Amino acid sequence: MRRKPRPKLYSIDYVQALENARSREKFFIHIQCANQFLVLTCLFPSFLHRRAERRGAPDVNYYEQVVVSHLDAAGRHVLSQEFALHDVLLRLAGNFPPVRRAMNYTLSEYLNLGN
């Protein structure tokens, strides 16, 4: 049995979803987007660098800003207070580049994803 390919999610998809979402849904969309791009920047920074050099695609800095903007928006949402995430999200947004580099180092030292 063949699996259906998963649809690719682009940052523009999140923008569209945010435009059509109600307030409560916006919080979760911001979190989902931040998480997706956090994983991308933390696990695959060298892929992003090579892709940027080879194809002129956005580099890691672009995706860092996507993460920061969505963490910041989620941290300022009323649900962040309700879930006691306000301080965590805003602190992570304000310190994301160094946090990402620390995560990159930790992952490179302790996680082997193969070649």
Side-chain angles (χ1 to χ4, degrees):
M1 183 176 284
R2 286 190 165 175
R3 287 185 176 181
K4 289 183 181 180
R6 290 185 182 182
K8 293 180 181 178
L9 294 175
Y10 298 97
S11 56
I12 191 68
D13 297 327
Y14 288 107
V15 171
Q16 284 181 313
L18 285 167
E19 288 175 358
N20 300 322
R22 290 181 290 211
S23 179
R24 185 172 179 86
E25 295 169 325
K26 286 182 181 186
F27 175 77
F28 294 105
I29 293 169
H30 285 303
I31 295 294
Q32 181 182 359
C33 183
N35 284 340
Q36 178 174 334
F37 289 102
L38 183 143
V39 168
L40 185 65
T41 60
C42 289
L43 290 179
F44 306 107
S46 58
F47 166 77
L48 293 174
H49 288 304
R50 283 193 310 271
R51 193 169 141 243
E53 290 171 356
R54 199 173 51 243
R55 296 185 184 172
D59 203 354
V60 172
N61 295 337
Y62 168 79
Y63 295 105
E64 277 185 352
Q65 289 308 310
V66 171
V67 173
V68 168
S69 67
H70 285 280
L71 287 171
D72 186 65
R76 296 183 190 289
H77 195 280
V78 68
L79 286 180
S80 71
Q81 292 285 350
E82 185 178 326
F83 297 141
L85 293 172
H86 173 78
D87 293 340
V88 171
L89 293 171
L90 293 180
R91 181 177 265 169
L92 183 56
N95 296 295
F96 186 69
V99 169
R100 181 197 56 83
R101 287 190 296 273
M103 291 174 75
N104 290 151
Y105 173 78
T106 302
L107 291 170
S108 71
E109 292 295 313
Y110 300 105
L111 179 67
N112 182 0
L113 295 176
N115 291 339

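Keep in mind the model is a prediction, meaning the values are calculated, not measured. Throughout, numbering of the chain's residues begins at 1 and tracks the sequence.
- Interatomic distance, NE2 of His30 versus CZ of Arg76, reported as 11.5 Å (0.5 Å rounding).
- Interatomic distance, CG of Asn20 versus CD of Glu25, reported as 9.5 Å (0.5 Å rounding).
- Both Leu43 and Val68 are members of a single hydrophobic cluster when ILVMFWY side chains are connected at heavy-atom separations under 4.5 Å.
- Put simply, Val67 and Leu90 are part of two different groups of oily side chains (I, L, V, M, F, W, Y) that touch within less than 4.5 Å, one to the next.
- In plain terms, the two heavy atoms of Cys42 and Leu107 that are nearest each other are O-CD1, 3.4 Å.
- Nearest heavy-atom pair across Ile31 and Ala74 is CD1-CB, 3.6 Å.
- Hydrophobic clustering places Leu38 together with Phe83 (ILVMFWY residues linked when any side-chain heavy atoms are closer than 4.5 Å, directly or through intermediates).
- From Asp59, atom CG reaches atom OG1 of Thr41 across 11.5 Å, with rounding to the nearest 0.5 Å.
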Test side-chain contact (heavy atoms from CB on, under 4.5 Å) applied to Leu48 and Tyr62, step by step: CA-CA 10 Å; Leu48 293 174; Tyr62 168 79; over 6 Å; no
For the pair His70 and Asn35, evaluate side-chain contact (heavy atoms from CB on, under 4.5 Å) and give the outcome as yes or no after the intermediate values. CA-CA 9 Å; His70 285 280; Asn35 284 340; over 6 Å; no
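- Between the CZ atom in Phe27 and the CD atom in Glu82 there is a gap of 9.0 Å [rounded to 0.5 Å].
- Under the 4.5 Å side-chain heavy-atom criterion for ILVMFWY residues, a single connected hydrophobic cluster contains both Val66 and Phe47.
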Please assess Arg50 against Ser46 for the test side-chain contact (heavy atoms from CB on, under 4.5 Å), listing each intermediate value before the final yes or no. CA-CA 6 Å; Arg50 283 193 310 271; Ser46 58; 3.6 Å; yes
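- Atom CZ of Arg55 sits in a sparse spot, with 12 or fewer heavy atoms from other residues, nucleotides or ligands closer than 6.0 Å.
- Contact of the Arg100 side chain with the Asn104 side chain is registered, since non-hydrogen atoms from C-beta on lie closer than 4.5 Å.
- Side-chain atoms of His77 never come within 3.5 Å of backbone atoms of Phe28 as a donor-acceptor pair (strictly under, hydrogens ignored).
- When every heavy atom of Cys33 is checked against every heavy atom of Tyr14, the shortest pair comes out as SG-CD1, 3.5 Å.
- Residues Lys26 and Ala21 come closest through the heavy atom pair CE-O, 3.3 Å.
- Residue Val39 is grouped with residue Leu92 when hydrophobic side chains (ILVMFWY) are merged at heavy-atom distances under 4.5 angstrom, including chains of intermediate members.
- A distance of 11.0 Å separates CG in Leu71 from CG in Asn95, rounded to the nearest 0.5 Å.
- To the nearest 0.5 angstrom, Asp72 atom CG is 10.5 Å from Gln65 atom CD.
- Scanning all heavy atoms of the two residues, the minimum distance from Ser80 to Gly75 falls at OG-O, 2.8 Å.
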